[in-house]
Amino acid sequence: MAKHKTHFEDCDVLVVGGGMAGTGATFEARHWGRDLKIICVEKANIDRSGAVAQGLYAINCYMGMQWDENQPEDHVRYARNDLMGMVREDLGYDMARHVDSTVHMFDEWGLPMMKNEKTGRYLREGKWQIMIHGESYKPIVAEAAKKSADKIYNRIMITHLLMDEAKENRVGGAVGFNMRTGDFHVFRAKTVIVAAGGASHIFKPRAVGEGMGRTWYAPWSNGSAYALPIAAGAKMTQMENRIVLCRFKDGYGPVGAYFLHLKTYTQNANGENYEKKWYDHTKELVGEYIDHHPTPTCLRNHAFIQETMAGGGPIQMVTTEAFQDPHLETVGWENFLGMTVGQAVVWASQNIDPKYTNPELTTSEPYVMGSHATCSGAWVSGPEDLSPPEYFWGYNRMLTIDGLFGAGDTVGGSAHKFSSGSFTEGRLAAKAAVKYIEDQKAEGINVTDKQCEDFKAKVYKPLDTYTVAQNEITGGTVSPSYISPIQGLQRLQRIMDEYVGGIATNYMTNENMLKRGLELLTWLEEDLEKVGAEDYHQLMRAWELKHRALTSQCVTEHTLYREETRWPGYYYRGDHMKLDDDNWHCLTVSRRDPKTGKFTMEKVPVYHIVDENEKKKAS
Amino acid sequence: MGHSVRVRREEEKGTISWKIKFRNGTVKDFVSPITTKPWGKFIPKLSEGDKPNQGEINSQRLYKEPEGLNTNEELPSVPKESFKKGVYY
């Protein structure tokens, strides 16, 4: 232990994670807190970190308020409909009313925006999306954060939040380690903004063996967005609301530009439109929700899954028509090259030229996240002017722990933020954090050396476990006394896959399976006390796994609590196959007691702050 | 095997180029811009910019708002009297 040096850094605003939300927070914090010390800590390097590391070909959330293309209330209606009636509308509206100013800054900073030649406006891919040449989206945005921060720490994984010992339920900073030097880092902070990543790789992925690690969402997003606040006792919401993506097979190439801009469409192996075949069946499950426009994403997935189970696969994207236009062919290819280059590799390796071959689609393993088209995450306060009393406790985007803020994947209830909305939410959280400090809410924080030392012992334990237990190996690499991070990860993925609604059961689960899953997760938790790490990289893997396992427990508890199938196509409760608005038109909120590790669940009412579209038009 | 996707990113030129080689030998080339401005030159240093106005921290505005929205209007909001609990639209 003594060999690991400890570095202390005291600051005002600590941003955990330097993806889109974290860079937004770091950038904005400087505007409001000119003399504050602002630190951003990132597990990779902020130039290429987070979900936008590889680039993006579209900004999926832009209102176009200046041209009255959309208004914030339209976005609330859209997100609410896509999530089958339930989002935190206050958070969604708040993000939407600010997001255009974020996008206009990106344009000023040099992000290449495509323009509509006729109108001069940003080129629309769909109602909400605008198209960009975004291979360097992240390095451009990172530059802005670098100019605002006092210091950016790269290659440090934050493992735990520190709590104030002077006042109950107040944050005091965070700790982590540098995976290159092995040094321990203590950040004592007045406010902490968790802007870490959502959870990929908690369900067994389709890509195994030579494709291991290929996932739709960033493979390094290990659920720290959730595990950090859950471990500290913060409330979480809608953690059952996992997402399954319809994507090009094996490379997870996105379909948005193909559907919306290139006007390609799907068909089953016999060339039939299979979606309409499943209309009556879906209506039995969800009632009139199937008649909504646009059709909620989960219901389109549902038709895909049913058709595949009925033997109609492989499902294909019809590209051979659109790709005869050389311009559209270029758009189709560059769409991958600038954000998911692996899809181009897959097609090149299999001689799939979409000009002549209709490529296969698949539905992915589930992911848990709060920034894309689902809204799992922390239960946070909304803005003062938009939030009903149950949703407001003083500071925008503050969790149920004082001084702890969230943005991006961390924040639950605010779906369809995507890259621009996550950056915007980071800005909102940062401003609120500065106000919290100005209001003298962060005075007298006491974080003792003992708290830091205790965490230090915990953080490095997997190294000690390995050192001791490897002596027990008599042949090969398997020790009777420890498990490696990859073994633990694969066990976690199987539990989630087989019991919590993964691909093994075509996304099906029920009360008995979930209870068995929780039992197995408890044993995994026990065994993770004996995870062994042979170097600092494996130590990172060990802590990523622990964060994933804690996130998974929360997901499973939530899935057990909601006794309905709200989102067929994302997962099914076989014992409650129908959507049940009478009992479950509400948000689920959980809290894990940090002392006992037990979860408690509650229902919280949904507030609709925006009216129906038709009514507004009539008025 | 036999396929490749190669890339060259040039910050000074502001472009990125890709060469795709299929297993069957088909080759496709693409070039995209990565920035429209000299690298990093148009990104502001906020510590040197105008300070927020007195009391603005208590408003709903963010940096460069509301003018950065290009709407010539204040930030929109929703009157709380219209909120509805637990009903479905």
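First the proteins, then the strands, lettered A, B, ... as listed; each starts at 1. Side-chain atoms are counted along with the backbone in the values below, which use heavy atoms only and exclude waters and symmetry mates.
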Any donor-acceptor pair under 3.5 Å linking the side-chain atoms of A:Ser101 with those of B:Glu65? yes

Can you tell me which portion of A:Glu438 sits under 4.5 Å from chain B's heavy atoms? Options are side chain, backbone, both or neither. side chain

A:Ile352 versus chain B, the contacting section by heavy-atom distance below 4.5 Å: backbone

Portion of A:Met63 that has a non-hydrogen atom of chain B nearer than 4.5 angstrom: neither

Measuring heavy-atom distances to chain B, does A:His104 have an atom under 4.5 Å in its side chain, in its backbone, in both, or in neither? side chain

Once you round to the nearest 0.5 Å, how far does CD1 of A:Ile609 lie from NZ of B:Lys80? 10.0 Å

Chain B heavy atoms under 4.5 Å from A:Tyr137: which part of the residue, side chain, backbone, both or neither? neither

Between NE2 of A:His608 and CZ of B:Phe83, what distance do you get to the nearest 0.5 Å? 12.5 Å

Identify the heavy atoms of B:Ile34 and A:Ile140 that sit nearest to each other, and give their distance. O-CD1, 3.6 Å

Contacting moiety of A:Pro388, where chain B heavy atoms sit under 4.5 Å: both

For the pair A:Asn351 (side chain) and B:Arg23 (backbone), establish whether a donor and an acceptor sit closer than 3.5 Å, ignoring hydrogens and angles. yes

A:Leu386 vs B:Ser77, side chain to side chain contact (heavy atoms under 4.5 Å, CB included): CA-CA, chis, key distance, verdict: CA-CA 7 Å; A:Leu386 290 174; B:Ser77 189; 3.7 Å; yes

Side chain, backbone, both or neither: which part of A:Pro112 has a non-hydrogen atom closer than 4.5 Å to chain B? both

Do NZ/NE/NH1/NH2 and the carboxylate oxygens of A:Glu108 and B:Lys64 come within less than 4.0 Å? yes

Rounded distance [0.5 Å steps], NE2 in A:His31 versus NZ in B:Lys51: 11.5 Å

Heavy-atom pair of closest approach, residues A:His98 and B:Leu75: CE1-CD1, 3.4 Å

Non-hydrogen atoms of chain B under 4.5 Å away: do they reach the side chain of A:Ser387, the backbone, both or neither? backbone

In short, A:Trp32 meets B:Pro52 closest at the heavy-atom pair CZ3-CB, 3.5 Å

Rounded to the nearest 0.5 angstrom, the CZ-CG distance for A:Arg97 and B:Leu62 is 9.0 Å

Measure the spacing between OH of A:Tyr607 and OG of B:Ser82 and express it to the nearest 0.5 Å. 12.5 Å

Least distance between heavy atoms, A:Glu334 atom then B:Val31 atom: OE2-O, 3.3 Å

Toward chain B, the part of A:Ser148 with a non-hydrogen atom under 4.5 Å: side chain

From A:Met65 CE over to B:Leu69 CG, what is the distance, rounded to the nearest 0.5 angstrom? 5.0 Å

I'd like to know if A:Asp353 and B:Lys28 make a salt bridge, using a cut-off of under 4.0 Å between side-chain N and carboxylate O. yes

Please look at A:Arg34 and chain B and tell me whether the side chain, the backbone, both or neither of the residue comes under 4.5 angstrom of a heavy atom of that chain. side chain

Contacting moiety of A:Trp347, where chain B heavy atoms sit under 4.5 Å: backbone

